[in-house]
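What follows is a single structure, written as structure tokens, with notes after it.
These figures come from a predicted structure and were not determined experimentally.
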Amino acid sequence: MSKKVRVRFAPSPTGPLHIGGVRTALFNYLFAKKHGGDFVLRIEDTDQNRYVEGAENYIVEALNWLNIPFDEGVGKEGKFGPYRQSERKGMYKQYAEQLIASGNAYYAFDTSEDLNGIRKEYEAEKKTFIYNWHNREKLSNSISLSQEEVVAKIKNGDDYVIRFKMHHPLEGSDSVITTQDIIRGHVSFKKELLDDKVLFKSDGMPTYHLANIVDDHFMEITHVIRGEEWLPSVPLHIALYQALGWNIPEFAHLPLIMKPVGKGKLSKRDGDKMGFPVFPTQWETKEGEVFSGYKEDGYFPEAVINMLALLGWNPGTEQEIFSLDELVETFDLSRVNKAGAKFDPEKTKWFQHHYLQTKDNETLTSLFSKLLEDKGIAPNKNLSIIVESIKERATFVSDLWEQGSYFFEAPTTYDEKASKKAFKEGTSELMSEVLSLLNQCDEFTSGEISNKVKEWLTSQEIGFGKVMMPLRLSLVGEMKGPDVFDIAAILGKEETISRIKKTISFLS
């Protein structure tokens with residue numbers, strides 16, 4: 001690639017950024033970084049009716065949280081700005097007019113009522129209405145009307161749109177528009193089925209098609225990497241580039257992200273129904289409706305990135321765990337699948353579990369400490385040891401509380417099923433013996449407690465279970481947690497003895 005690689009992620013600020021949009025941003029980012037190029041964020045806000053307050057900030061914050069920030073865009077002005085389409089609207093009209101002057105576009109004055117009426121007539125004959133070469137001369141536009149009529153209509157303030165003139169499909173190679181998609185290979189479109197798309201409206205705003213082409217050209221975008229829903233627009237975009245005499249970028253159309261179960265693409269309804277987020281961070285609507293986000297649900301950004309990277313892309317090896325740097329190094333657009341990728345919420349948790357296990361203790365301890373603070377629990381000097389002993393079964397930082405709350409609060413109840421097995425006749429006498437053994441411990445380390453208790457059990461020929469189960473229940477309240485002697489050592493002599501005494505009185 002001789003030209004500097006420049007890619008863009010161009011979302012519309014019509015709401016929060018769906019996880020599918022995040023993956024498009026990620027693949028653009030990885031491709032740009034792999035080739036030493038630029039990753040540009042452009043906000044496509046030409047549709048002012050659907051503009052949602054706060055959506056643009058949300059997009060920027062989500063990319064920053066995921067550690068895939070853009071190099072250039074809103075708030076990071078490069079030399080290709082402005083980066084909001086609404087601020088570029090002065091430049092689109094001249095290209096619409098240039099297309100009219102070159103015979104590649106025309107004014108159309110048909111009202112929506114006119115067009116709806118014609119559509120109904122077609123439907124009655126079981127046909128589909130397409131505004132293009134076969135009927136444009138019978139409709140109300142600058143091809144069918146005289147120049148005087150056109151000038152009069154514009155002067156009169158009649159509403160109009162500017163439509164692209166998709167040239168008449170001749171026989172042979174000129175009857176199709178073809179391209180080589182990096183993901184899909186050779187793609188071709190029959191010209192006769194293409195309509196004369198609207199490029200510009202009389203309210204002074206371009207449609208997506210024109211704005212997107214003009215912006216990509218002037219921002220020197222070399223590769224357009226976007227979702228497969230844009231594939232049908234490719235022939236128009238190619239024809240526009242050709243009509244304007246501009247270089248055509250390379251295209252890559254990403255597969256859809258599909259529902260975990262059933263058919264169709266992933267929607268926020270699926271997330272609501274199955275209890276997983278479909279947005280990177282939490283989003284609250286004006287009406288106060290809250291949609292959960294990966295960040296607030298406790299996921300680490302690197303787990304979300306790793307999961308998304310493997311949705312539709314395959315490294316060609318068995319490797320599943322990738323840091324961002326490894327993704328940049330390994331990523332290759334030609335290894336992206338054409339078929340839709342099934343979303344798997346459980347796999348996301350698997351990645352999250354992995355990344356929690358690999359976090360260093362200091363980081364986890366500090367995150368857990370914040371969680372305890374929010375619960376109003378004073379930090380424990382053994383916090384780091386506690387985290388180390390319980391993290392194996394945790395997927396989220398909040399699980400550390402589920403797994404280890406007994407380190408901070410003495411149990412108030414004992415698991416019913418386990419109690420029936422552990423608390424039998426004679427158990428309180430055995431626990432009293434354990435108490436006197438613990439009182440004799442000077443160091444109160446896990447090793448010392450373990451030796452004392454085990455020596456006594458062996459010498460008295462008492463089955464281990466008879467003491468170990470009730471001891472765990474005394475300290476934890478249920479049958480979970482690390483080695484019971486480790487738990488006692490972390491709790492300390494005073495607290496361990498107090499909990500055993502409480503169990504003895506519960507048993508009596």
Side-chain angles (χ1 to χ4, degrees), residues 46-50 85 89 91-178 188-214 229-246:
T46 49
D47 190 347
Q48 290 292 310
N49 300 325
R50 292 177 62 222
Q85 280 189 337
K89 69 178 190 189
M91 64 190 292
Y92 302 119
K93 188 163 195 197
Q94 70 187 87
Y95 297 101
E97 284 169 349
Q98 185 180 318
L99 287 166
I100 288 177
S102 65
N104 288 296
Y106 58 91
Y107 294 104
F109 302 97
D110 321 85
T111 64
S112 329
E113 291 76 45
D114 295 343
L115 293 176
N116 283 335
I118 299 169
R119 251 181 224 111
K120 288 204 173 84
E121 284 168 27
Y122 271 68
E123 277 164 19
E125 293 178 33
K126 304 244 183 303
K127 290 180 187 162
T128 306
F129 171 65
I130 303 176
Y131 198 129
N132 68 1
W133 58 274
H134 81 283
N135 59 15
R136 61 170 83 106
E137 286 173 19
K138 302 188 194 98
L139 297 162
S140 176
N141 53 53
S142 57
I143 293 171
S144 62
L145 302 168
S146 70
Q147 206 178 341
E148 292 76 40
E149 286 174 296
V150 172
V151 171
K153 276 181 174 297
I154 293 175
K155 220 171 176 175
N156 189 33
D158 287 13
D159 276 347
Y160 67 83
V161 295
I162 294 176
R163 285 182 181 272
F164 185 69
K165 185 179 180 184
M166 192 56 83
H167 286 291
H168 189 291
L170 302 165
E171 293 307 310
S173 65
D174 199 44
S175 65
V176 289
I177 291 178
T178 61
S188 66
F189 305 86
K190 287 186 178 167
K191 270 193 184 175
E192 63 183 287
L193 302 176
L194 301 172
D195 57 341
D196 290 357
K197 281 267 189 282
V198 173
L199 300 180
F200 203 82
K201 297 171 287 209
S202 49
D203 65 2
M205 281 307 252
T207 59
Y208 167 82
H209 301 292
L210 179 67
N212 155 61
I213 294 301
V214 171
E229 63 273 23
W230 294 110
L231 202 54
S233 310
V234 168
L236 169 66
H237 295 176
I238 289 173
L240 273 168
Y241 279 113
Q242 289 169 335
L244 289 161
W246 293 342

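- Using a distance-only test at 3.5 Å, with no hydrogens or angles considered, a donor-acceptor pair links the side chain of S202 to the main chain of Y160.
- For the pair S144/L139, no side-chain contact is recorded, criterion being any heavy-atom separation below 4.5 Å from C-beta on.
- Screening Q98, H167, Q242 against N104 for a side chain to side chain contact (heavy atoms under 4.5 Å, CB included) leaves a single residue, H167.
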Let's go through K197 and L240 carefully: what are the C-alpha distance in whole Å and the side-chain angles of both, what is the deciding distance for side-chain contact (heavy atoms from CB on, under 4.5 Å) to 0.1 Å, and is it a yes or a no? CA-CA 11 Å; K197 281 267 189 282; L240 273 168; over 6 Å; no

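- Note that CZ of F200 is 9.0 Å distant from CE of M205, once rounded to the nearest 0.5 Å.
- Interatomic distance, K89 NZ to T46 OG1, rounded to the nearest 0.5 Å: 10.5 Å.
- Y92 and L210 get closest at one heavy-atom pair: O-CD2, 3.7 Å.
- The two residues A105 and A96 come nearest to each other via the heavy atoms CB-O, 4.5 Å.
- Side-chain contact between Y208 and D47: absent, with no pair of heavy atoms (C-beta onward) separated by less than 4.5 Å.
- In this structure, OG in S142 is found 9.5 Å from CD in Q147, a value given to the nearest 0.5 Å.
- Note that CZ of F189 is 8.5 Å distant from CG of L194, once rounded to the nearest 0.5 Å.
- Rounded to the nearest 0.5 angstrom, L199 CG and L99 CG are separated by 6.5 Å.
- Under the 30°/60° scheme for interplanar angles, the aromatic rings of Y122 and H134 are found to stand perpendicular.
- Minimum interatomic distance between N141 and R136 (heavy atoms only, all atoms of both residues): ND2-O, 2.8 Å.
- Taking each heavy atom of H237 and N212 in turn, the nearest pair found is CE1-ND2, 3.1 Å.
- A distance of 11.0 Å separates CZ in R119 from OH in Y131, rounded to the nearest 0.5 Å.
- Contact record, D110 with S140: OD2-N, 2.9 Å, taken as the closest heavy-atom pair.
- Between the side chain of N132 and the main chain of D196, no donor-acceptor pair closer than 3.5 Å is present.
- Here the side chains of E192 and W133 are in contact, with some heavy-atom distance below 4.5 Å.
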Run the side-chain contact (heavy atoms from CB on, under 4.5 Å) check on V214 and W246 step by step: do they pass? CA-CA 10 Å; V214 171; W246 293 342; 4.2 Å; yes

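- Between K153 and D158 a salt bridge is recorded (basic side-chain N to carboxylate O distance below 4.0 Å).
- Between F109 and D159, every side-chain heavy-atom pair lies at or beyond the 4.5 Å cut-off.
- Put simply, the side chain of D114 gets close to the backbone of T111: a donor and an acceptor are under 3.5 Å apart.
- Minimum interatomic distance between Y106 and F164 (heavy atoms only, all atoms of both residues): CE2-O, 4.0 Å.
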One pair to check against salt bridge (charged side-chain N to carboxylate O under 4.0 Å, His left out): E125 and K127. What are the steps and the verdict? CA-CA 5 Å; E125 293 178 33; K127 290 180 187 162; 3.3 Å; yes

